[in-house]
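In each ligand, atom 1 is the first atom listed, and ligand 1 is the first ligand listed.
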Amino acid sequence: MFALIGHLTSLKHAQAVAHALGYSEYANQSLDFWCSAPPQIVDNFHVTSLTRQTIEGKYIESCFLPEMLTNRRIKAAIRKILNAMALAQKSDINITALGGFSSIVFEEFNLKNNKQVRNVELEFKRFTTGNTHTAYIVCRQLEQASAQLGIDLSRATVAVCGATGDIGSAVCRWLDRKTNVAELLLIARNQKRLQTLREELGRGRILGLEEALPQADIIVWVASMPKGVEIDPEILKKPVLVIDGGYPKNLGTKIKHPDIHIFKGGIVEHSLDINWKIMEIVNMDIPSRQMFACFAEGILLEFEGWHTNFSWGRNQITVSKMEQIGQASIKHGFRPLLG
Ligand code: NDP
C-alpha cells in the first residue's frame, strides 16, 4: 500500500473545502484552529497500471497551510508534517510521497533529526519527496510544449526561477545534458547557492527576476513561494512559454494573452480512471486522471516494488534517476500534462 501526504493552498481554500465536504466545524475556523487540527486519512482508492497491476492507496491531509510559514507558527507547520508521516507509518504504508510543502518543510527545518514522533520512530526509507519524477515531468513538458509551439530550443533562453532548489537544480541538469538549449538564466535569492550551481553546470547566467523575465523564451517556475507573484505581462517576450510548477502556483497573475502560453507544471495524466475524490478538491481539470507528479512517484514506487526513499535530501537528483523514473512513468501509463 502507498500513501500521499498533501495539503491545501491557503486558509481560504481549506475553509471552502471543509464546507464542501460537510466538515462544518472546520469551515469557519481561523488559522489557529488549523494549527491544532490533527492529520486525517481522507481518501482510500485503487490505481491500475497499463500493465493491469492494481495497487491500493490512501490520501493523508496533513492540515498544514502555507500561512503557517511564519516565525510564530513554524512549530505548528513542523508538527503537521511529522504527525502526518507518523500516521502514514502507523497505517503500515510501504511508501509515502510528501507532497507540496511537506518535503520543503522537512528539508528546510532538518526534520531528519526528529525521528521520534511520540511512540513512532520514523523510518525515512518509507518516504519520498517525489521530486525526481516532478523534475522529469517539468522537463518533458518543456520539451513537448516548446515543440508544439515551434520554439527551437537551440535558440531559446530558458529562465529557471527556483534554480537552486531540489526540483530547479534537477531541471537545470537535464536541460544542460539532455537538450541543446541555448542559454540558461538562473534565478533564486541566495547568491552562494547560485554560484555553486553555476560552477556545477559550468554555464548559466545568474540574474534577478526582473532582469531575467524579459529575456526568456521559456520560463520555468519552481520556487517555494507560499503565495504567487504578480507579473506584468507587458515585460514578457512574445511568444513565451511559461511552465508553472509551484504549489501553490508561483504565478499570481491570471494572464490572458494569445502569445503567453502558461502550462500547469509538474502535473501528469494517467491513462485510466482512479476512484479518488481528492483531485477534485485541488481543482484538477480531469480529477479522475490528473495529479501532481510527486504523488505519481509514490504510485510508481509501489508499482515497481521500489520501497525506498527514491527522492531524498536536497539537490541530489541525477539525470539517470530522472530517466529511470521516467521509464516507469511511461510503462505504468502516465504522461506529462500539456496545456
Ligand atoms: P526547494 O525548497 O528545494 O527550492 C525552492 C527554490 O525556490 C530555491 O531555489 C529557492 O532559493 C527559490 N526561491 C524561494 N523563494 C523565492 C523567491 N521569492 N524568489 C526567487 N526564488 C525563490 O523546493 P522544491 O524544489 O522542493 O519545490 C519547488 C516548488 O515545486 C514548490 O512550490 C513546491 O510546492 C512545488 N512542488 C510541486 C510538485 C508537483 O508534484 N507538482 C512536487 C513537489 C514540489 P532561495 O531560497 O535562495 O531564493
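Among all protein heavy atoms, the one lying closest to atom 22 (C) of ligand 1 is Ala223 CB, 3.8 Å. Shortest contact from atom 41 (N) of ligand 1 to any protein heavy atom: Gly266 O, 3.0 Å. Ranking the protein heavy atoms by distance from atom 18 (N) of ligand 1 puts Met225 CE, 3.7 Å first. The protein heavy-atom contact nearest to atom 33 (C) of ligand 1 is Ile104 CD1, 3.7 Å. The protein heavy-atom contact nearest to atom 44 (C) of ligand 1 is Ile167 CD1, 3.5 Å. Protein heavy atom in closest approach to atom 37 (C) of ligand 1: Gly245 O, 3.4 Å.
Within the structure, ligand 1 lacks Gly130 among the residues with a heavy atom less than 4.0 angstrom away.
For ligand 1, the atoms sitting less than 4.0 Å from at least one non-hydrogen atom of Arg193 are 46 (O), 47 (O), numbered in the order shown with element in parentheses. The ligand atoms of ligand 1 that sit less than 4.0 angstrom from a heavy atom of Arg314 are 1 (P), 2 (O), 3 (O). For ligand 1, the atoms lying closer than 4.0 Å to a non-hydrogen atom of Gly162 are 6 (C), 7 (O), 9 (O), 12 (C). Which parts of ligand 1 touch Gly246 is read off a 4.0 Å heavy-atom cut-off, strictly below it: atoms 32 (O). Listed by number with element, the atoms of ligand 1 under 4.0 Å from a non-hydrogen atom of Cys294 are 40 (O), 42 (C). Near Gly100, meaning under 4.0 Å from one of its heavy atoms, ligand 1 places the atoms 34 (O). Of all the atoms in ligand 1, the ones that sit under 4.0 Å from a non-hydrogen atom of Thr164 are 8 (C), 9 (O), 11 (O). The contact set between ligand 1 and Ala293, taken as ligand atoms under 4.0 Å from a residue heavy atom, comprises 40 (O).
Relative orientation of the Phe106 and Trp312 rings is tilted, given thresholds of 30° and 60° on the angle between their planes.
With a 4.0 Å cut-off on non-hydrogen atoms, Glu107 does not touch ligand 1 at all. Contacts with ligand 1 closer than 4.0 Å are made by heavy atoms of both the backbone and the side chain of Asn190. Only side-chain heavy atoms of Asn131 come within less than 4.0 Å of ligand 1; its backbone N, CA, C and O stay farther off.
Atom CZ of Phe292 is separated from atom OH of Tyr247 by 5.0 Å, given to the nearest 0.5 angstrom.
With sequence neighbours excluded, the residues that form a salt bridge (Lys or Arg N to Asp or Glu O under 4.0 Å) with Asp285 are Lys264. Judged as a salt bridge (Lys or Arg N to Asp or Glu O under 4.0 Å), and not counting sequence neighbours, Arg193 has no contacts.
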Going through the distances and angles, do Phe334 and Phe303 end up as a ring-ring contact (aromatic ring centres under 6.0 Å, His included)?
CA-CA 12 Å; Phe334 290 101; Phe303 274 138; 7.4 Å; no
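Comment: Arg73 engages Asp32 in a salt bridge, judged by a side-chain N to carboxylate O separation of less than 4.0 angstrom.
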